[in-house]
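The structure under discussion appears below in the form of structure tokens.
Side chains are part of it too, since the values below use all heavy atoms of this structure and drop only hydrogens, waters and symmetry mates. In this text, all values refer to a predicted model and were calculated from it rather than measured experimentally.
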Amino acid sequence: MKLDIRYFAWLRERLGTGHETVETDAGTVAELIEELRGRDEGYAHAFSDTGAIRAAVDEDLVEFDADISRAREVAFFPPMTGG
Amino acid sequence: MDPVRVQEAPFDMGAELNAFATTVGGAGAVVSFSGITRDVASGDLQAMEIEHYAGMTEKALERIRAEAMARFGLTDAMILHRYGRLAPGDPIMMVATASRHRADAFAGAEFLMDYLKSRAPFWKKEVTRSGAEWVAARDEDEDALSRW
């Protein structure tokens, strides 16, 4: 399936892009991360510490075991610093 | 006026508070909080850059506001948050709450701030003469949610 992925803050800077569309069969956020890590060194490095990364599926904050089989967009970002 | 606003433009917190206070029918208390762009310890902050996740930000803020309204029986509540490049001393954001008695308005404003800190998709970056650095999330901010 086609999936839009968004990256924010230092994750966006490290990967050099804020948005990409991928073809994936990943069933969960964790599986998608594994897939991205396997791409190249840059992705492996950016996703090396998943404790420092949060995820959202279709604009809702989720845990990494969240189902993405019907998702349109997944976003990755560091812990938020609003206010 | 939309009770949740996310904007790049500066705002006048006095005018915002007055506008809010004049539309809260039945309330006996209004509480507001404003966040200001703080200088770094070394005193050479040039700018604060705020990135956000357009779409998710509005959804998250509307959810937080609805939760505060229901939990504390607020008469009304507003959230305004800026993004983009801010100068030291610039207002970043504000919340205001209204209720029949002050305790709920105070608690509601604290609740809004605690959730906004770590559940609204904003990221701050401090730009100084020596470079730019993303502001790290603080454990205390995450811990603050457990009291609700």
Taking the six-membered ring for Trp, are Trp123(B) and Phe8(A) parallel (under 30°), tilted (30 to 60°) or perpendicular (over 60°)?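 Ring orientation, 0 to 90° scale: parallel.
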Tell me, yes or no, whether the heavy-atom count around [X] atom [atom1], taken from other residues, nucleotides or ligands under 6.0 Å, exceeds 12.
X        : atom1 : answer
Tyr43(A) : OH    : yes
Gln46(B) : CD    : yes
Asp25(A) : CG    : no
Arg70(A) : CZ    : no
Arg14(A) : CZ    : yes

Decide whether [X] and [Y] are clustered together by the hydrophobic rule: side chain heavy atoms of Ile, Leu, Val, Met, Phe, Trp, Tyr closer than 4.5 Å, transitively.
X        : Y        : result
Val31(B) : Leu80(B) : no
Phe33(B) : Val6(B)  : yes
Ile33(A) : Leu3(A)  : yes
Leu15(A) : Trp10(A) : yes
Leu17(B) : Met13(B) : yes

Picking from [options], which has the most non-hydrogen pairs under 4.5 angstrom with chain A?
options                         : result
Lys125(B), Met93(B), Lys124(B)  : Lys124(B)
Met113(B), Glu142(B), Arg119(B) : Arg119(B)
Pro121(B), Gly35(B), Ala136(B)  : Pro121(B)

Segment of [X] engaging chain A (4.5 angstrom heavy-atom cut-off):
X         : result
Ala60(B)  : neither
Arg63(B)  : side chain
Leu116(B) : both
Ala54(B)  : backbone

Mind running salt bridge (Lys or Arg N to Asp or Glu O under 4.0 Å) on Lys59(B) and Asp58(A) for me, showing each step along the way? CA-CA 11 Å; Lys59(B) 261 173 80 173; Asp58(A) 292 328; over 6 Å; no
Any heavy-atom pair between the side chains of Met56(B) and Phe77(A) that's under 4.5 Å?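 Side-chain contact under 4.5 Å: yes.
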Taking the side chain as every heavy atom from C-beta outward, state whether Thr57(B) and Met80(A) have any atom pair closer than 4.5 Å.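 Of all side-chain heavy-atom pairs linking Met80(A) with Thr57(B), none is under 4.5 Å.
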Least distance between heavy atoms, Tyr53(B) atom then Ala75(A) atom: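 The answer is CE1-CB, 3.4 Å.
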State whether the side chain of His81(B) and the backbone N or O of Gly83(A) hold a donor-acceptor pair below 3.5 Å, judged by distance alone.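 Between the backbone of Gly83(A) and the side chain of His81(B) there is a qualifying donor-acceptor contact (under 3.5 Å).
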Side chain, backbone, both or neither of Arg6(A) within contact of chain B (heavy atoms, under 4.5 Å):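 It is the side chain, since no backbone atom gets that close.
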Using non-hydrogen atoms and a 4.5 Å limit, figure out which bit of Ala9(A) sits close to chain B: side chain, backbone, both or neither.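 The answer is both parts of Ala9(A).
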Distance in Å, Thr81(A) OG1 paired with Glu51(B) CD, rounded so as to fall on 0.5 Å steps: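 Rounded to the nearest 0.5 Å, the OG1-CD separation comes out at 9.5 Å.
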